[in-house]
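Working notes, beginning with the structure itself.
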Amino acid sequence: MLGKTERRLAIVILVTAIVPLAVAMWFAYSLLSYASSFWLPEVALELDRGIDLYKDYVRAIKDDMKHQTDAIVGDEPLRESAKQHDADACARALAVLFPRYPQLVSLAVEDGGRVLGARDRGRPLDDAAERKLEVRRGLFADGVGPSVLATFAFDRRYERELEQAGFGRERYGQVERERTHVYAGYFEAFAALLGITAVVTVALGLLLARGTTRRIERLANAIDQVAAGNLEVRVPVTGSDELTELARVFNRMLGEMQQSRARIEYLQRIGAWQEMAQRLAHEIKNPVTPIQLAVQECHRKYVGDDPRFRALLDTTLEIVEEEVGTLRRLVGNFSSFARLPHVELRTASLRDFLRECSQQLGHLGAEVAEDGSEEAIVVQDLDVRWEVPDDPMLVAIDRQMLRRVLVNLVRNAVEAIRATSPDIGNGARRGQVVVRAGVSGSAVSLFVEDDGPGVPEAARERVFDPYFTTKSDGTGLGLAIVKKIVVEHNGTIKAEQSSRLGGASFVVTLPLPHPLPIAVARDDSPSRPSIGR
Amino acid sequence: MNATPPRLDRKSPSELLLVAALATLLIATPWLLRLRGSPLVGRPAPDLNFLVLANGGALSDEGLLSIQALRGRPVLLDFWATWCDPCRREAPIVDAAARKWGNRGLVVLGVSTDAPTQADPGEFARRQGLSYPIVRDPSGRASGAYAVDALPTLVLVSRSGTIVAVRTGVTDGDELDRLIREVL
């Protein structure tokens with residue numbers, strides 16, 4: 001009941017899917033571990049150092065501006081002009097000083113709220129690119145009196161670059177903090193993907209294999225039934241692959257097994273009947289002769305003249321001799337049935353055999369009696385027609401025995417017609433018998449048909465049983481002998497209703513020599529037109 | 001600024017195990033289902049639509065016949081094929097039952113498992129003089145649904161639509177009559 005094949009298949013698919021996946025997983029794990037070992041802490045240090053350097057640089061620029069202001073304050077002409085409050089001299093001193101410092105935007109000398117002198121570069125500060133840096137210094141050491149206000153332009157580029165460097169460092173730090181999670185995430189995603197692949201592979205593989213495993217299972221179930229002794233089953237033939245062929249061959253094998261089993265059983269049964277017939281014949285035969293002789297003796301020895309007693313003796317002798325004759329014929333039939341020789345099969349042309357038979361039996365009406373002696377029965381009042389095809393039809397037959405089959409079947413037909421249709425006389429035909437043959441599939445069929453009353457459906461199986469007869473004077477051995485001979489030819493025989501003549505039709509089927517089993521199985525395919533005949 | 005290599009998450013191998021367990025369960029499901037569904041007797045008859053090939057009569061609806069539509073009547077399904085000798089031997093027995101119990105409500109369906117390219121089961125039935133409807137199951141859907149492993153198989157369905165008997169191999173007339181009497 002459990003699909004062993006399916007289970008094995010699933011395990012195989014799972015293993016074939018899991019093994020490479022596991023290797024891939026291991027590979028991915030080591031790859032990520034390897035990649036993470038390549039993280040260089042020096043990079044962060046260098047980045048930090050670069051930022052510090054930049055900060056120092058900016059600070060140096062600012063200090064430089066302060067130093068420049070100090071230098072301006074130390075200028076002697078400027079100090080002198082401021083001291084004197086001489087605006088002209090101050091302007092002159094500024095004019096000399098200003099070009100020396102290119103970073104200056106404006107330079108002014110103030111005393112309290114009053115501007116003593118001022119000079120600028122002629123264009124205002126560009127707020128987008130420059131930042132203002134004002135440095136105020138007193139001109140004199142006491143801190144009171146005039147002072148210098150120097151306004152420098154500090155390029156914003158430095159500031160922005162420092163900012164960006166800070167961002168970069170920040171991002172680097174973030175990545176470093178998160179990389180463990182990122183790697184683990186990659187690994188998990190990979191694992192999940194591989195897992196899904198494994199599941200899908202197994203499911204898909206099983207789905208595809210399901211049809212085949214299901215059919216194997218069905219075959220196994222059918223074989224189980226056969227093993228339990230039931231030969232009356234067949235495996236459904238589906239699809240068109242090796243399993244289909246297997247099912248066909250298996251079915252054919254079942255058919256042959258069934259046939260040979262039936263054949264063996266039949267032969268055993270008929271063997272038992274033969275043995276019984278032999279004993280019966282022996283037991284009857286022995287006392288028959290003394291009885292006959294004793295009665296004959298009585299009849300002959302009587303010398304008296306009582307006419308009534310003479311008449312009684314005559315009648316007695318007549319009755320006894322007649323009955324003894326019947327018994328002798330019965331005994332003859334029995335022992336002929338009991339001593340029925342086994343067939344000796346030889347390959348021969350059925351066509352030639354039938355033509356020969358038709359010449360010997362068809363015209364002369366010579367028939368073989370059940371006891372084996374030739375007995376001429378004139379069949380002038382009946383039409384016996386032989387329809388022999390041109391196909392040679394090579395089959396394994398025993399000519400003598402098969403001749404007996406034909407004779408018995410033809411005589412059976414003749415007797416059946418005679419028993420039912422009255423003799424009109426004047427040579428009028430009372431009925432007809434047709435013997436014909438033909439190849440159908442892997443067998444040859446021989447038909448003996450008549451237009452008599454036919455065989456009742458209920459009796460169609462039993463007519464072949466020994467001692468089963470519908471005739472008043474029959475022994476019921478004729479058809480039993482026929483069937484035994486046919487079965488020994490590996491053939492079958494059945495009684496049907498003739499579709500052509502309306503009477504009985506006896507169909508003898510003999511197998512053609514065996515082709516290869518596979519070819520036979522193909523040939524046995526249901527498209528064969530011989531079904532049901 | 002720690003310089004130690006990152007540890008991979010411990011969860012992943014166990015996740016893989018989970019996936020493997022899932023796969024195993026997936027594989028085991030068909031068996032579990034089949035184990036539970038093995039005996040056909042006592043279960044409701046699967047509903048199917050058949051293509052009628054012969055003797056459809058009043059049962060056939062535009063050439064189709066469904067099991068559902070036969071609810072309320074006992075149904076005998078005969079799974080067979082034209083090439084199957086035992087099926088051919090059983091056909092007259094089934095036909096006799098169909099004729100005998102037809103007026104008591106029994107519906108007999110001959111479910112042919114022949115492929116459409118194989119012999120014509122309808123023609124075969126007409127030649128054999130079979131009286132019951134012959135339907136086709138070419139794709140094997142019905143055989144699958146009724147777990148038919150061997151031919152011939154008889155499946156007897158009660159008026160309420162429950163499968164009451166399954167017989168494989170040639171069933172003799174007396175046995176068939178006994179089974180049918182139980183569902184009438």
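These numbers come from the heavy atoms of this one structure, side chains and all, not from hydrogens, waters or symmetry mates.
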Of all heavy-atom pairs between [X] and [Y], which one has the smallest distance, and what is that distance?
X: B:W83; Y: A:V235; result: CH2-O, 3.0 Å
X: A:P236; Y: B:D149; result: CD-O, 3.2 Å
X: B:T168; Y: A:N230; result: O-ND2, 3.6 Å
X: A:R218; Y: B:V148; result: NH2-O, 2.8 Å

Is atom [atom1] of [X] surrounded by more than 12 heavy atoms (other residues, nucleotides or ligands) closer than 6.0 Å?
X: A:Y186; atom1: OH; value: no
X: A:R500; atom1: CZ; value: yes
X: B:R126; atom1: CZ; value: yes

Looking at chain A, which one of B:A150, B:A81, B:S143 has the largest number of heavy-atom pairs inside 4.5 Å, strictly under?
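Looking at each of B:A150, B:A81, B:S143 in turn, B:A150 comes out on top.
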Chain A shares the most heavy-atom pairs under 4.5 Å, among B:T153, B:V170, B:L151, with B:L151
Is the shortest heavy-atom distance from the side chain of A:R234 to the side chain of B:C87 under 4.5 Å?
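Not touching, per the 4.5 Å side-chain cut-off.
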Minimum side-chain heavy-atom gap B:R89-A:E232 below 4.5 Å
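When only atoms from C-beta onward are counted, A:E232 and B:R89 do touch, with a gap below 4.5 Å.
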Show me the side-chain donor-acceptor pairs of residues 177-184 of chain B shorter than 3.5 Å, one per line, residues at least two apart or across chains.
{"from": "B:D177", "atom 1": "OD1", "to": "B:W101", "atom 2": "NE1", "distance (Å)": "3.0"}
{"from": "B:D177", "atom 1": "OD2", "to": "B:K100", "atom 2": "NZ", "distance (Å)": "2.7"}
{"from": "B:R178", "atom 1": "NE", "to": "B:E175", "atom 2": "OE1", "distance (Å)": "3.4"}
{"from": "B:R178", "atom 1": "NH1", "to": "B:E182", "atom 2": "OE2", "distance (Å)": "3.1"}
{"from": "B:R178", "atom 1": "NH2", "to": "B:E175", "atom 2": "OE1", "distance (Å)": "3.3"}

